[in-house]
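Residue numbers begin at 1 in each chain, while the letters A, B, ... track the order of the sequences. Here the structure is a predicted model, which means the values were calculated and not measured.
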There are 2 protein chains.
Amino acid sequence: MKIGELSARSGVSIRSLRYYEEQGLLSPLRHQNGYREYSPFAEEQVRTIQFYLSLGLTTQQISSFLHCVLKNEEAFCQEVLPIYQQKLAEIHEQIQLLESIKSNLEDRIRFILDERESNTKEK
Amino acid sequence: MKIGELSARSGVSIRSLRYYEEQGLLSPLRHQNGYREYSPFAEEQVRTIQFYLSLGLTTQQISSFLHCVLKNEEAFCQEVLPIYQQKLAEIHEQIQLLESIKSNLEDRIRFILDERESNTKEK
DNA sequence: CTTGACCCTCACACCAATGTCACAGTTTAT
DNA sequence: ATAAACTGTGACATTGGTGTGAGGGTCAAG
């Protein structure tokens, strides 16, 4: 199938499909006219890529194990676990930061509301 | 004081001080030679800016209320509360997203480890 | 007067996936 | 045959605070 069809089937923009190829995640054949020809498996492959992207992995990380996970169980691919663990640590750190900002904001919002209330009563 | 001193006192890079000015957060006087002259209050002002930035606010948001909070109690400045609330909502959303990724990663890590273990026992 | 330490402005780089043009060739349908 | 619908490459924009460097004034101490 050609790129437009793959895009329609997978819901991923043509731009992104070309980008994935540039990053080594897809390797469609080429027709003599230069058009990309994707195998029927490409659709699932694209969904797999999208899934890993949704976990916050970069195309570079994905490219390091995609060839393996497409042919095997994920658990079989040694490269995956350390990347997951590293990503989990990053996520954890980001959550910590956001939680601390959240507390800070909540405190200050509460303070402002309290302040307003006491000023209202005061009068 | 000149920019180098303010930078040293506040711990904020010269580059950032100039950027804050460009964004309307600081308005130092200028000497005839073009050098910026900061008042002694600038140090606290810069710390205030840094604090709001650490809450994840943009310079644009900060500029909308900085003039007020520098002269009044924060609770007095009407512009602050809606910005805090909006920011809190964003943070909340981001945390939700990260938490869902985190669960996903944890599940998959657990699965991989389980898989390895059962394969080990199997043999 | 010269050296070194400041200061100035302007501008590109960054991070990374995606959107969006511009411009051009190909195929398909009318 | 011509227009519409695809496809190709290339390149810039996005986000926003900060780093960094070029190229050039200013000033104080030796």
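Between the P atom of dG21(D) and the CD1 atom of Ile14(B) lies a distance of 14 Å, rounded to the nearest Å. If you take OH of Tyr38(A) and P of dC6(D), they are 16 Å apart, rounded to a whole angstrom. If you measure from atom CD of Glu5(B) to atom P of dA5(C), you get 18 Å, rounded to the nearest angstrom. Taking atom CD1 of Ile49(A) as the reference point, atom C1' of dA16(C) lies 15 Å away to the nearest angstrom. Between Glu37(B) atom CD and dT26(D) atom P there is a gap of 17 Å when expressed in whole angstrom units. When rounded to the nearest whole Å, the span between CG of Leu53(A) and P of dA16(C) equals 12 Å. Rounded to whole Å, atom P of dG17(D) lies 13 Å from atom CG of Leu26(B). Put simply, OH on Tyr35(A) is 16 Å from P on dA24(C), counting in whole angstrom units.
Using a 4.5 Å heavy-atom cutoff, the side chains of Asp107(A) and Arg110(A) are in contact. Residues Arg36(B) and Lys2(B) are not in side-chain contact: their nearest non-hydrogen atoms beyond the backbone lie 4.5 Å or more apart.
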Steps toward salt bridge (charged side-chain N to carboxylate O under 4.0 Å, His left out) verdict (Arg9(B), Glu5(B)):
CA-CA 6 Å; Arg9(B) 290 171 103 87; Glu5(B) 188 182 344; 2.9 Å; yes
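No side-chain donor-acceptor contact under 3.5 Å links Glu115(A) to the backbone of Ala75(B).
Nearest-nucleotide mapping onto DNA chain D: of Thr59(B) and Arg18(B), the residue sitting toward the 5' end is Thr59(B).
Side chain of Lys2(B), nearest nucleotide from dC7(C), dG19(D), dG16(D): dC7(C). When distances run from any side-chain atom of Gln50(B) to the nucleotides dG8(D), dC7(C), dT18(D), the shortest one goes to dT18(D). Between dT18(C), dC8(C), dG19(D), one nucleotide has an atom nearer to the side chain of Ser16(B) than all others, and that is dG19(D). Listed candidates were dG8(D), dT18(D), dC8(C). Nearest to the side chain of Ile3(A) is dG8(D).
Between Arg36(A) and dT7(D) there is no side-chain N or O to OP1 or OP2 distance below 4.0 Å. The shortest distance between the side-chain N/O atoms of Tyr20(A) and the OP1/OP2 oxygens of dT18(C) is below 4.0 Å. Phosphate proximity of dT27(C) to Asn33(A): present, with a side-chain N or O under 4.0 Å from OP1 or OP2. Contact between the side-chain N/O atoms of Tyr19(A) and the OP1/OP2 oxygens of dG19(C) is not found at any separation under 4.0 Å.
Looking only at atom types and distance, the side chain of Gln50(B) has a donor-acceptor partner in the side chain of Tyr20(B) under 3.5 Å away.
Contact annotation: side chain of Arg15(B) to base of dT20(D), donor-acceptor pair present below 3.5 Å.
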